[in-house]
*Asks:* 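First the structure, then my questions, so here it is.
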Amino acid sequence: MVSMKDIAEKCGVSVATVSKALNNHSDIGAATKNKIQKSADEMGYLPNAAARTLKTNRTYSIGVLFVDDANSGLTHQYFSRVLEAFKVQAERQGYDITFINTNIGNKRMTYYEHCRYRNMDGVVIACVDFDNPDVLELVNSDVPVVTIDHIFNNCTAVISDNVKGIEDLVQYIYDKGHRKIAYIHGQDYSSVTKDRLTSFYRKIEQLGLTIPDEYILEAIYLDTVSTAERTAELLSLEEPPTCIIYPDDTALIGGMNKIMEKGLRIPDDISIAGYDGTRTSQILSPKITTIKQDAENIGKQAALRLITLIEKPKTTLIERVVVGGTVVEGDSVKQLPQ
C-alpha cells in the first residue's frame with residue numbers, strides 16, 4: 001500500500017508537505033500541491049480511513065432514508081436516478097453511502113438512533129412519509145439533513161420544480177387544442193402533489209377554463225391498479241375528458257391499459273400525458289408526452305449541499321434549491337381543431 005512517505009520521496013518534499021497537499025491546505029504553493037496530488041493519484045494512494053476519522057472527527061459515511069408507499073425500492077425509475085447521481089457525487093468527494101432503517105438485526109430503533117449507531121455524518125431523505133414521528137425526530141436532531149422534494153424550515157431542500165412542470169404540461173396540452181383536461185394526481189398528503197395540484201388549478205384559471213370536480217381524482221404514485229380504476233371512472237362520464245394527466249409515467253401504464261381495454265385508441269380517441277420522463281415512457285407505443293425531471297442534477301445538488309453542510313456547518317445557509325424540468329413531446333397528445 002502506498003504511503004505518504006512514498007509520495008514524499010517521489011516528489012522530493014517532506015511528509016508534512018504531502019499531508020498538507022492531500023488535505024488541500026492553503027499554506028503551500030499551487031504548483032507543489034498539484035504535483036503531489038497528481039503523484040498520489042498515479043501511485044494509487046488511498047488515505048487511511050481510521051486515521052482520517054480521528055483527525056477530522058468524521059466517518060465519511062452518509063445515510064440515505066428512502067421508503068416509498070409502493071415499496072418499489074431502487075426500481076423506482078425517478079428516485080433510482082436521483083440516488084445514483086447522489087451516490088456518484090458523494091463518492092467523488094470521499095463519502096460512503098448506507099441506507100438506514102428502523103431495524104438492526106432483531107433490534108428496533110428509530111432512524112435517528114440508527115444514524116447515531118452508525119455514526120453517520122449526515123443524511124439525505126427522499127420519498128418517505130415526512131409526517132412520520134421518526135422522520136421528524138431525525139429532521140429536528142443534530143444530524144445534518146438534506147431533503148429531496150420536501151421542505152422543512154430547518155433543512156436544506158432540493159426540489160424539482162413541480163409548479164412550473166405542471167404549468168408547462170397543461171400549457172402544452174392547451175396549445176394542442178384540449179379544453180377538457182382531467183388530472184389523476186398522487187396522494188394528497190404529499191407536498192409534491194399539493195404543489196402540482198395547486199399549479200394545475202392556477203393554470204386552468206389563467207387559461208379561462210372550467211374543469212368539473214369529477215375530472216380531478218386521486219390515485220397512488222407508481223400504482224397501475226388505482227390509475228386504471230380512476231381512468232375507468234373518467235371514461236364513464238357523460239362528457240369524458242379529451243386528455244388525462246397521470247401522476248407519473250409508471251402509474252400512467254394502468255390508465256393506458258384500461259383505455260385500450262375499452263377499445264379506444266391513444267391519441268386518436270383520447271390523449272394522455274405523464275410525469276417524470278422515465279425511459280419506459282419513451283419506449284411505449286405511442287411515446288408518452290411527459291415532464292422530464294432532471295433527476296441527475298437533483299441528486300448531485302443534494303450531495304453537494306449535504307457535504308458542504310457537514311464540512312462547513314458554521315458558514316452554510318439553509319436553502320431551497322429548485323431544479324427545473326422540461327416537456328418531452330411524445331405522440332400521446334392529439335392536436336385538436338381550435
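All values below come from the heavy atoms of this structure, side chains included, with hydrogens, waters and symmetry mates left out.
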*Asks:* Where do Thr290 and Gln282 come nearest, in terms of heavy atoms and distance?
*Replies:*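 Distance-wise, the nearest heavy atoms are CG2-NE2, 4.0 Å.
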*Asks:* In terms of heavy-atom contacts, does CG of Asn153 have more than 12 from other residues, nucleotides or ligands at under 6.0 Å?
*Replies:*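 Result for CG/Asn153: open.
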*Asks:* Can you see which heavy atom on Cys11 is nearest to which on Lys35, and at what distance?
*Replies:*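 Smallest interatomic distance, heavy atoms only, reads O-NZ, 3.5 Å.
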*Asks:* Short question: side chain of His114, backbone of Ile100 - any donor-acceptor pair under 3.5 Å?
*Replies:*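 No, His114 side chain to Ile100 backbone: no donor-acceptor pair under 3.5 Å.
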*Asks:* Do Asn132 and Leu136 have side chains that approach each other closer than 4.5 Å (heavy atoms only, starting at C-beta)?
*Replies:*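 A side-chain contact under 4.5 Å is absent here.
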*Asks:* Is the shortest distance from a Lys or Arg side-chain nitrogen in Arg230 or Glu233 to a carboxylate oxygen in the other one below 4.0 Å?
*Replies:*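 Answer for the salt bridge query: yes.
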*Asks:* Atom OG1 in Thr242, atom NE2 in His178: separation rounded to 0.5 Å?
*Replies:*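 The distance works out to 5.0 Å.
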*Asks:* Are there over 12 heavy-atom neighbours, none belonging to Lys176, within less than 6.0 Å of that residue's NZ?
*Replies:*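 Check passes, neighbour count above 12.
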*Asks:* What's the separation between atom CG in Asn34 and atom CD1 in Ile28, rounded to the nearest 0.5 Å?
*Replies:*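 If we round to the nearest 0.5 Å, Asn34:CG and Ile28:CD1 are 9.0 Å apart.
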*Asks:* Under the side-chain hydrogen bond (donor to acceptor under 3.5 Å, both in side chains) rule, collect the residues that match up with Thr193, sequence neighbours excluded.
*Replies:*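 Partners of Thr193 by the side-chain hydrogen bond (donor to acceptor under 3.5 Å, both in side chains) criterion, ordered by chain and then number, come out as Tyr221.
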*Asks:* Within the 4.5 Å heavy-atom criterion, are Met120 and Ile62 side-chain neighbours or not?
*Replies:*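 In short, these two side chains do not touch, never coming nearer than 4.5 Å.
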*Asks:* List the steps and the verdict of side chain to side chain contact (heavy atoms under 4.5 Å, CB included) for Ile159 and Arg320.
*Replies:* CA-CA 7 Å; Ile159 60 175; Arg320 183 185 304 181; 3.8 Å; yes
*Asks:* Could you walk me through whether Tyr183 and Ile244 pass the side chain to side chain contact (heavy atoms under 4.5 Å, CB included) check?
*Replies:* CA-CA 6 Å; Tyr183 183 22; Ile244 303 173; over 6 Å; no
*Asks:* Got more than 12 heavy atoms from elsewhere within 6.0 Å of CZ, Arg108?
*Replies:*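 Counting other residues, nucleotides and ligands, CZ of Arg108 exceeds 12 neighbours.
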*Asks:* Does His185 reach the side chain of Lys194, with side-chain heavy atoms less than 4.5 Å apart?
*Replies:*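 Answer no - side chains too far apart.
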*Asks:* Is there a path from Phe200 to Val192 through hydrophobic residues (I, L, V, M, F, W, Y) whose side chains come within less than 4.5 Å of each other?
*Replies:*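 Phe200 does not cluster with Val192.
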*Asks:* For residues Phe66 and Phe99, determine if any side-chain heavy atom of one lies less than 4.5 Å from a side-chain heavy atom of the other.
*Replies:*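 Touching, per the 4.5 Å side-chain cut-off.
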*Asks:* For a side-chain hydrogen bond (donor to acceptor under 3.5 Å, both in side chains) check, start with the C-alpha distance between Glu329 and Tyr172, then their side-chain angles and the critical distance, and finish with the verdict.
*Replies:* CA-CA 9 Å; Glu329 184 175 357; Tyr172 174 86; 3.1 Å; yes
*Asks:* Are Lys20 and Asp27 close enough for a salt bridge, meaning some N to O gap below 4.0 Å?
*Replies:*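 Judged by the 4.0 Å cut-off on N to carboxylate O distance, Lys20 and Asp27 do form a salt bridge.
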*Asks:* Salt bridge check: are Glu261 and Lys258 linked by an N-O gap of less than 4.0 Å?
*Replies:*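 Lys258 and Glu261: salt-bridged.
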*Asks:* Specify the closest pair of heavy atoms between Gly324 and Asp294, including all atoms of both residues, with the distance to one decimal.
*Replies:*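 Looking at all heavy atoms of both residues, the shortest contact is O-CB, 3.7 Å.
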*Asks:* Within the side chain of Ser160, is there an N or O that forms a donor-acceptor pair under 3.5 Å with the backbone of Gln293?
*Replies:*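 Side chain of Ser160 to backbone of Gln293, a donor-acceptor pair under 3.5 Å: no, none is there.
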*Asks:* Would you say the side-chain atoms of Asp269 pair up with the backbone N or O of Arg265, donor to acceptor, closer than 3.5 Å?
*Replies:*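 Between the backbone of Arg265 and the side chain of Asp269 there is a qualifying donor-acceptor contact (under 3.5 Å).
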*Asks:* Strictly below 4.0 Å, N to O, side chains only: are Arg116 and Asp142 in salt-bridge contact?
*Replies:*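 Here Arg116 pairs with Asp142 in a salt bridge, since their nearest N and O are under 4.0 Å apart.
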*Asks:* Looking at Glu205, I want to see if its CD is surrounded by more than 12 non-hydrogen atoms of other residues, nucleotides or ligands under 6.0 Å.
*Replies:*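 Result for CD/Glu205: open.
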*Asks:* Do Ser19 side-chain atoms and Val15 backbone N/O form a donor-acceptor pair below 3.5 Å?
*Replies:*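 No: the side chain of Ser19 does not pair with the backbone of Val15.
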*Asks:* Treat each ILVMFWY residue as a node, draw an edge where side-chain heavy atoms are under 4.5 Å apart, and state whether Ile270 and Ile216 are in one component.
*Replies:*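 Per the 4.5 Å side-chain linkage, Ile270 and Ile216 are co-clustered.
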*Asks:* Do Leu138 and Cys115 pass the side chain to side chain contact (heavy atoms under 4.5 Å, CB included) test, and can you show the C-alpha distance, the side-chain angles, and the key distance before you say yes or no?
*Replies:* CA-CA 9 Å; Leu138 179 57; Cys115 290; 3.9 Å; yes
*Asks:* Check whether Asp249 reaches the backbone of Thr278 with its side chain - one donor and one acceptor, N or O, closer than 3.5 Å.
*Replies:*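 Looks like yes, one N/O pair under 3.5 Å.
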*Asks:* Could you give the distance from CG (Leu309) to OG1 (Thr315), rounded to the nearest 0.5 Å?
*Replies:*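 Answer rounded to 0.5 Å: 9.5 Å.
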*Asks:* In sequence, state the C-alpha distance, the side-chain angles, and the governing distance for Gln171 and Glu167, and then conclude on side-chain hydrogen bond (donor to acceptor under 3.5 Å, both in side chains).
*Replies:* CA-CA 6 Å; Gln171 183 68 57; Glu167 181 181 303; over 6 Å; no
*Asks:* At their closest point, which heavy atom of Ala251 faces which heavy atom of Leu222, and how far apart are they?
*Replies:*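 Taking every non-hydrogen atom into account, CB-N, 3.9 Å.
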*Asks:* Contact between Phe79 and Asp149 at the side-chain level, heavy atoms closer than 4.5 Å - yes or no?
*Replies:*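 Yes, close enough: below the 4.5 Å cut-off.
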*Asks:* Once you measure the plane-to-plane angle for Tyr60 and Tyr95, does it fall in the parallel (<30°), tilted (30-60°) or perpendicular (>60°) bin?
*Replies:*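 Rings of Tyr60 and Tyr95: tilted, as their planes differ by 30° to 60°.
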*Asks:* Mark yes or no for whether Ser332, through its side chain, and Ile272, through its backbone, hold a donor-acceptor pair below 3.5 Å.
*Replies:*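 Indeed, once roles are kept as given, a pair shorter than 3.5 Å links the two residues.
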*Asks:* With rounding to the nearest 0.5 Å, note down the distance linking OH in Tyr78 to OH in Tyr275.
*Replies:*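 One gets 8.5 Å once the value is rounded to the nearest 0.5 Å.
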*Asks:* For the NZ atom on Lys33, are there more than 12 heavy atoms of other groups (residues, nucleotides or ligands in this structure) within a distance under 6.0 Å?
*Replies:*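 Enclosed.
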*Asks:* Do you know which two heavy atoms are closest between Ile211 and Ile204, and how far apart they sit?
*Replies:*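 Looks like CG1-CG2, 3.5 Å.
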*Asks:* With rounding to the nearest 0.5 angstrom, report the CE to OG1 distance, Met256 to Thr231.
*Replies:*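 Between atom CE of Met256 and atom OG1 of Thr231 there are 11.5 Å.
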*Asks:* Has Thr224 got a side-chain atom pairing as donor or acceptor with Gly254's backbone, closer than 3.5 angstrom?
*Replies:*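 No.
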*Asks:* Answer yes or no: is there an ion pair linking Lys87 with Glu91, defined by an N-O contact shorter than 4.0 Å?
*Replies:*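 Salt bridge: yes.
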*Asks:* Ignoring hydrogens and geometry, is there a side-chain-to-backbone donor-acceptor pair from Thr227 to Asp223 under 3.5 Å?
*Replies:*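 Indeed, once roles are kept as given, a pair shorter than 3.5 Å links the two residues.
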*Asks:* Can you hop from Leu207 to Ile166 via hydrophobic side chains spaced under 4.5 Å?
*Replies:*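 Linked within one cluster.
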*Asks:* Can you tell me how far the CD1 atom of Ile184 sits from the CG atom of Leu252, to the nearest 0.5 Å?
*Replies:*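 Nearest 0.5 Å value for the CD1-CG distance: 9.0 Å.
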*Asks:* Taking the side chain as C-beta and beyond, is there a heavy-atom pair between Leu65 and Val124 under 4.5 Å?
*Replies:*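 Of all side-chain heavy-atom pairs linking Val124 with Leu65, none is under 4.5 Å.
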*Asks:* With a 3.5 Å distance limit and no angle check, can you tell me whether Asp195 reaches the backbone of Asn162 through a side-chain donor-acceptor pair?
*Replies:*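 No, Asp195 side chain to Asn162 backbone: no donor-acceptor pair under 3.5 Å.
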*Asks:* Going through the distances and angles, do Arg202 and Gln206 end up as a side-chain hydrogen bond (donor to acceptor under 3.5 Å, both in side chains)?
*Replies:* CA-CA 6 Å; Arg202 188 169 66 181; Gln206 289 173 356; 5.8 Å; no
*Asks:* What is the minimum heavy-atom distance between Asp168 and Val327, and which atoms define it?
*Replies:*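 So the minimum-distance heavy-atom pair works out to CB-CG2, 3.8 Å.
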*Asks:* Distance only, no hydrogens: is a donor on one side chain within 3.5 Å (strictly under) of an acceptor on the other, for Glu319 and Thr156?
*Replies:*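 No, no side-chain donor-acceptor contact under 3.5 Å.
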*Asks:* With hydrophobic residues grouped by side-chain heavy-atom distances under 4.5 Å, do Ile151 and Leu306 end up in a single group?
*Replies:*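 Each belongs to a different hydrophobic cluster.
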*Asks:* State, yes or no, whether a side-chain contact exists between Thr32 and Thr17 at a heavy-atom distance under 4.5 Å.
*Replies:*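 Yes. Closest side-chain heavy atoms under 4.5 Å.
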*Asks:* Check whether any side-chain N or O of Ser281 sits under 3.5 Å from a backbone N or O of Gly277 as a donor-acceptor pair, and report yes or no.
*Replies:*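 Not at all, since once roles are kept as given, no pair shorter than 3.5 Å links the two residues.
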*Asks:* Within a strict 4.5 Å, meaning less than it, do heavy atoms of the Val146 and Ile125 side chains meet?
*Replies:*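 In short, these two side chains do not touch, never coming nearer than 4.5 Å.
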*Asks:* Should Glu84 and Lys300 be marked as a salt bridge (Lys or Arg N to Asp or Glu O under 4.0 Å) after you check the CA-CA gap, both sets of side-chain angles, and the distance that decides it?
*Replies:* CA-CA 9 Å; Glu84 176 63 20; Lys300 178 180 179 180; over 6 Å; no
*Asks:* Are Leu217 and Ile259 connected into the same hydrophobic cluster when the rule is that any two of I, L, V, M, F, W, Y join if their side-chain heavy atoms are below 4.5 Å apart?
*Replies:*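 Same cluster: Ile259 reaches Leu217 through Ile, Leu, Val, Met, Phe, Trp or Tyr contacts under 4.5 Å.
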